[in-house]
Trainee: 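Quick one: the structure is below, questions incoming.
Just so it is clear, the structure is predicted and the values come from calculations on it, not from any experiment.
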Amino acid sequence: MKNLGFACLLLSCIVFQNCKKDTKEKVVVIEKPISVQCYTAVYEKDTLDLKINTLKEGKITGTMEMALFNFPKKVGELTGEVRGDTLFASYTFTQDGNKDKTFKNPMAFLKRGNELILGNGEIETTMGASYFVKGKPIDFDQVKYKFTAVECVDDKE
C-alpha cells in the first residue's frame, strides 16, 4: 500500500513538472542592428556578395553568397565579432541549395579604408570544428577577394 501511494505521488509530481514546463513561453529576442553594410568582391569569374549587420559590443551577423567559377554556389550566414580593425567570423553555409549538408569555416576580414579584405590563414580542424591556427599569421596582402561597399538591395520583392 505504501508503494502504491509513493508511486502515485511520484507520478503526480512528474505530471505537474511537465505541465509547468509546457506553460513557460520561450522568448526570443532579436537584436536590431546598429548598422547594415553590403559589399561585393569580384576576382576573375568569381563573385562574392556580403551583408554585415553590426550589433552592440562589436558583434556581427550577416549573410554571404559565393559564386566561384566551376564550383558549387555557397550560400550561408556569418556570426562573429570585430576586434580592432579585423572582423573574425564563422561562416555556416550550404552548397548548390542542398540544405541537408552544412559546412562551417572560420573567416577573417581586415577593414582597410573602404575595403574589407578576406584573409588567408592556416586552418585546422579538431573534433569537427575548424579554426585558424593560433600563432600563425593571417595574410591580408596576397589575397583574391577585396570587398568594396555597395548599396544593399532588399531581398523582399
Trainee: With sequence neighbours left out, write down each residue that passes side-chain hydrogen bond (donor to acceptor under 3.5 Å, both in side chains) with Y91, or none if nothing qualifies.
Mentor: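 Not a single residue meets the side-chain hydrogen bond (donor to acceptor under 3.5 Å, both in side chains) criterion with Y91.
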Trainee: Do F140 and M64 sit in the same hydrophobic cluster, where Ile, Leu, Val, Met, Phe, Trp and Tyr count as joined when their side-chain heavy atoms come under 4.5 Å apart?
Mentor: no
Trainee: Mark yes or no for whether N53, through its side chain, and V36, through its backbone, hold a donor-acceptor pair below 3.5 Å.
Mentor: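 Checked: no pair found.
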Trainee: Nearest 0.5 Å, please: how far is CG in L78 from CZ in F93?
Mentor: 11.0 Å
Trainee: Do other residues, nucleotides or ligands put more than 12 heavy atoms under 6.0 Å from the CG atom of D85?
Mentor: yes
Trainee: Testing L50, L48, D49 for side chain to side chain contact (heavy atoms under 4.5 Å, CB included) with T40, which one passes?
Mentor: D49
Trainee: Can a donor-acceptor pair be found, under 3.5 Å and without considering hydrogens, that links the side chain of N120 to the backbone of Q142?
Mentor: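 Yes, the answer is positive, given that a donor and an acceptor are paired below the 3.5 Å cut-off.
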Trainee: Around atom NZ of K111, are there more than 12 heavy atoms of other residues, nucleotides or ligands at under 6.0 Å?
Mentor: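 More than 12 within 6.0 Å, yes.
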Trainee: In Å, rounded to the nearest 0.5 Å, how long is the span from CD1 of I60 to CD1 of I34?
Mentor: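 Rounded to the nearest 0.5 Å, the CD1-CD1 separation comes to 12.5 Å.
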Trainee: Given the rule in the side-chain contact (heavy atoms from CB on, under 4.5 Å) test, do I117 and F147 qualify, once you have shown the distances and angles that lead to the verdict?
Mentor: CA-CA 6 Å; I117 301 166; F147 291 83; over 6 Å; no
Trainee: Show me the pairs that pass salt bridge (charged side-chain N to carboxylate O under 4.0 Å, His left out) and involve residues 97-109, at least two apart or across chains.
Mentor: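 Counting only pairs at least two positions apart or across chains, no salt bridge (charged side-chain N to carboxylate O under 4.0 Å, His left out) contact touches residues 97-109.
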Trainee: Just wondering, are more than 12 heavy atoms of other shown residues or ligands nearer than 6.0 Å to CD in Q37?
Mentor: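 Counting neighbours around CD of Q37, more than 12 heavy atoms of other residues, nucleotides or ligands fall under 6.0 Å, so yes.
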Trainee: Taking all heavy atoms of A108 and all of T86, pick out the closest pair and write down the distance.
Mentor: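 For A108 versus T86, the nearest heavy atoms are CB-CG2, 4.4 Å.
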Trainee: Scan M107, K144, K146 and name whichever one has a side chain to side chain contact (heavy atoms under 4.5 Å, CB included) with L118.
Mentor: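 Result for side chain to side chain contact (heavy atoms under 4.5 Å, CB included) with L118: M107.
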Trainee: Is it the case that more than 12 heavy atoms not belonging to F103 sit under 6.0 Å from its CZ atom?
Mentor: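 Correct, the count exceeds 12.
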Trainee: May I have all residue pairs that pass disulfide bond (SG atoms under 2.5 Å apart) and include part of residues 32-113, sequence neighbours excluded?
Mentor: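 Checked against disulfide bond (SG atoms under 2.5 Å apart) - neighbours excluded - the pairs reaching residues 32-113 are C38-C152.
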Trainee: Do the side chains of Y131 and T126 get nearer than 4.5 Å, heavy atoms only?
Mentor: yes
